[in-house]
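Chain naming here is simple, since letters A, B, ... match the order of the sequence lines and numbering starts at 1 in each. What's counted below: heavy atoms across the whole structure, side chains too, no hydrogens, waters or symmetry copies.
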2 protein chains.
Amino acid sequence: MTHPRRGHAGRTGRRGGESGTRDAILSAARHRFGEHGYDGATIRAIAADAGVDAALVYHFFGSKERLFASVMRLPIIPGDVVEAALAAGARDSTRSPGEHLVLAMLTAWDQAEMRSTFLGLLRSALTSEQAAVMLRQFVADTILGRVALAARSAGADVSGDARYRASLVGSQVVGLVLARYVLQVEPLATASPAELAAAVGPTLDRYLTGDFG
Amino acid sequence: MTHPRRGHAGRTGRRGGESGTRDAILSAARHRFGEHGYDGATIRAIAADAGVDAALVYHFFGSKERLFASVMRLPIIPGDVVEAALAAGARDSTRSPGEHLVLAMLTAWDQAEMRSTFLGLLRSALTSEQAAVMLRQFVADTILGRVALAARSAGADVSGDARYRASLVGSQVVGLVLARYVLQVEPLATASPAELAAAVGPTLDRYLTGDFG
DNA sequence: TGTTGAATTCTACGGCTGTTGAATTTCCCT
DNA sequence: AGGGAAATTCAACAGCCGTAGAATTCAACA
C-alpha cells in the first residue's frame, strides 16, 4: 500500500528528482518577510508556503536570523543604481538628476523580488530597534553617501551641509515609497513613473543644489 | 507578619487611596504601542510598566484591541491643525502655507504623547494589513481631504488633480516624519523646526499650487 | 455594622513561537 | 551491490501570548 508518489511520499525521507526546495524556501521567506516584517513572519508559515516542514528550514539555514540575512542579500547594489542615475542626470539634458533618481527608484521597486526585499527591511526596521540600526547604517553608507557626494560636486557648497541635503532627498524618497507601496495611497499608487518623476524630480533637484536656509 | 504596606500589599485585593491605575495603564500602553507597534506590544509588558497585573488591563479595557482603540483616541484633531496651518499660511505673508504646515506637523510630533500615538498608528499600519486600511481611511478622510480642498481653492486647478497634489504633500510629510522620528537619520533628527520649514516648506507649496505634468 | 460593588491579583488554559534530535527515505559514488 | 551523505518529516521541548474565572481586599453607603 505504500507506493510513493512524487511530491509527498510515504512520510519522511528524501524526495526524488531535483527539488529546488532551498530556493522555494528563500522565495517564500522573501514574500513573508516583505508582507509581515521580521517578527510577523513565522518559520512555520514560510515552510508551509514552500510546501515543506519547518524543520527543513533549520536544516538549510540554521536559524531565523540567518534565513533573514540570506533573504536580504540584495541581487543588485542600490548604491550603484543611485550613482548611475545621478551620472545620467548630469549629462542627459532631457531629464534632471532628480528625475533620473525617481525613475531609477521606481524601476527598482517595481520588480517584485526587489520590492519584497526592500519592504522586508523597511517593515522590520520599523518594529525592531536592532533592524532599524542596521538599516540606518546601510542606507547611510551606501546611499546617502553617494547622494551627498553628488550634491557636493554638483552645487556650490559652502559648508558641509551635503549630508543635510542628502537626508532631505532620502526623506522624500522614502515617503514616496511608503505612500505608493505600503500605504498604497490612491492617486500615488497607480501613477506612472514618468508622471511621478515630473512631479517629484524637481523637489530632489532643489534639495541637491537649490537655495535654502 | 502580614502588615499591608501601601503600594503592594498582602497579595490580591484592592489598594488604598486613589490609584490612578487606569491612566497609568493607558500611558504605559501608549508608550509600548508607540515603540513596538500593535503586535510587538504585549499586555503583560504594558501591565508591568504600569506596576499592575495583566488581568487588570482586561478588567478595565476588555481586550487588547479595545485598549489600542482607547489609546489611539487622539487628544487633538489633526485635521483641524492642518486646516489652521493652511489658513494661517494664506493670510500671513512672512511664511508660506507649506512652511506653516511643516511647523505645525513638527510641533505636534514634538509633544511626547502625540508622538507615541502617531508612532503607534504608523508602526501598526506597517505590519498589519488591517491597521493599514484603518490608517489609510483615517488619513484620507481627515487630512488629505483638507489639503486637497486647500489646493483646489488656492491654485488654478483644471482637472480634479487636487487629490494627487494632496497625496504628494502627504508623501513628503510622512517621509520627513519617518526619517526624523523613526529612523532618526542624523542631520534631520536634530535640525530645528524653522530650518526644516525653510527647506521643506517650498516643496509642499509647489505640490499644492505649482506647475508640473 | 453589614452588604454591595469595584479594584486587584493568582492561576490556569489553549495556542502559537523558535528550535532540536531522531528517524526515514533517496541519491550518488565506489 | 553497498555505504555514506543529503533531504525530508515527525514529535517534542520550553517559552511567550491573549484571555478567562475565581479569590481576595478595600471603599462607600445603608
Side-chain angles (χ1 to χ4, degrees), chain A residues 1-26 28-29 32-33 36-71 124 127-128 130, chain B residues 1-26 28-29 32-33 36-71 124 127-128 130:
Chain A
M1 273 306 229
T2 40
H3 54 108
R5 259 177 288 175
R6 177 69 179 290
H8 39 91
R11 294 269 278 278
T12 93
R14 187 170 195 162
R15 303 287 167 269
E18 299 165 7
S19 61
T21 298
R22 220 191 111 102
D23 286 346
I25 293 174
L26 275 176
R32 286 276 167 180
F33 283 133
H36 308 291
Y38 183 81
D39 290 325
T42 72
I43 297 280
R44 282 174 170 86
I46 292 170
D49 286 358
V52 138
D53 188 274
L56 191 56
V57 177
Y58 284 86
H59 176 67
F60 281 130
F61 299 97
S63 74
K64 185 180 185 181
E65 214 164 325
R66 293 241 289 277
L67 173 62
F68 186 71
S70 299
V71 164
S124 304
T127 21
S128 125
Q130 186 188 354
Chain B
M1 277 301 233
T2 39
H3 54 109
R5 260 178 289 176
R6 178 69 178 289
H8 39 89
R11 295 265 280 277
T12 90
R14 188 172 194 160
R15 303 287 167 269
E18 297 167 8
S19 61
T21 299
R22 218 191 113 102
D23 286 346
I25 293 175
L26 276 175
R32 286 276 167 182
F33 283 134
H36 307 291
Y38 183 82
D39 290 326
T42 71
I43 296 279
R44 282 173 170 86
I46 292 170
D49 286 359
V52 137
D53 188 273
L56 191 56
V57 177
Y58 284 87
H59 175 67
F60 281 129
F61 299 97
S63 74
K64 186 179 184 181
E65 214 164 325
R66 293 240 290 276
L67 173 62
F68 186 71
S70 299
V71 165
S124 304
T127 22
S128 125
Q130 185 189 355

B:Ile43 and B:Leu67: CA distance, side-chain angles, deciding distance, side chain to side chain contact (heavy atoms under 4.5 Å, CB included) verdict: CA-CA 9 Å; B:Ile43 296 279; B:Leu67 173 62; 4.2 Å; yes
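- Pair check for C:dT8 finds D:dA23; Watson-Crick or G-U wobble, both atom distances under 3.5 Å.
- Protein atom CD1 of A:Ile25 is 10 Å distant from nucleotide atom P of D:dA7, rounded to whole Å.
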Criterion side chain to side chain contact (heavy atoms under 4.5 Å, CB included) on A:Asp39 and B:Asp39, from CA distance to verdict: CA-CA 9 Å; A:Asp39 290 325; B:Asp39 290 326; over 6 Å; no
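- The partner of D:dC29 is C:dG2, by the rule that a Watson-Crick or G-U pair needs both atom distances under 3.5 Å.
- The two residues B:Ala41 and B:His36 have their closest heavy-atom pair at N-CB, 3.8 Å.
- Rounded to whole angstrom, the span from the CD1 atom of B:Ile46 across to the P atom of D:dC17 amounts to 11 Å.
- Considering only heavy atoms from C-beta on, B:Phe68 comes within 4.5 Å of B:Ser124 through its side chain.
- As rounded to whole Å, 15 Å separates atom C1' of C:dT8 from atom CZ of B:Arg22.
- Regarding contacts with the backbone of C:dT8, every side-chain N or O of B:His59 stays at 4.0 angstrom or more from both OP1 and OP2.
- Rounding to whole angstrom units, CZ of residue B:Phe68 and P of D:dC17 are separated by 18 Å.
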Nucleic acid footprint by protein, nucleotides 12-20 of chain C - heavy-atom cut-off 4.0 Å, B for base, S for sugar-phosphate alone: B----BBBB
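- Rounding to the nearest 0.5 Å places CZ of B:Arg22 at 10.0 Å from NE2 of B:His59.
- Taking the six-membered ring where the residue is Trp, B:Tyr38 and B:Phe33 present parallel rings, their angle staying beneath 30° rather than reaching 60°.
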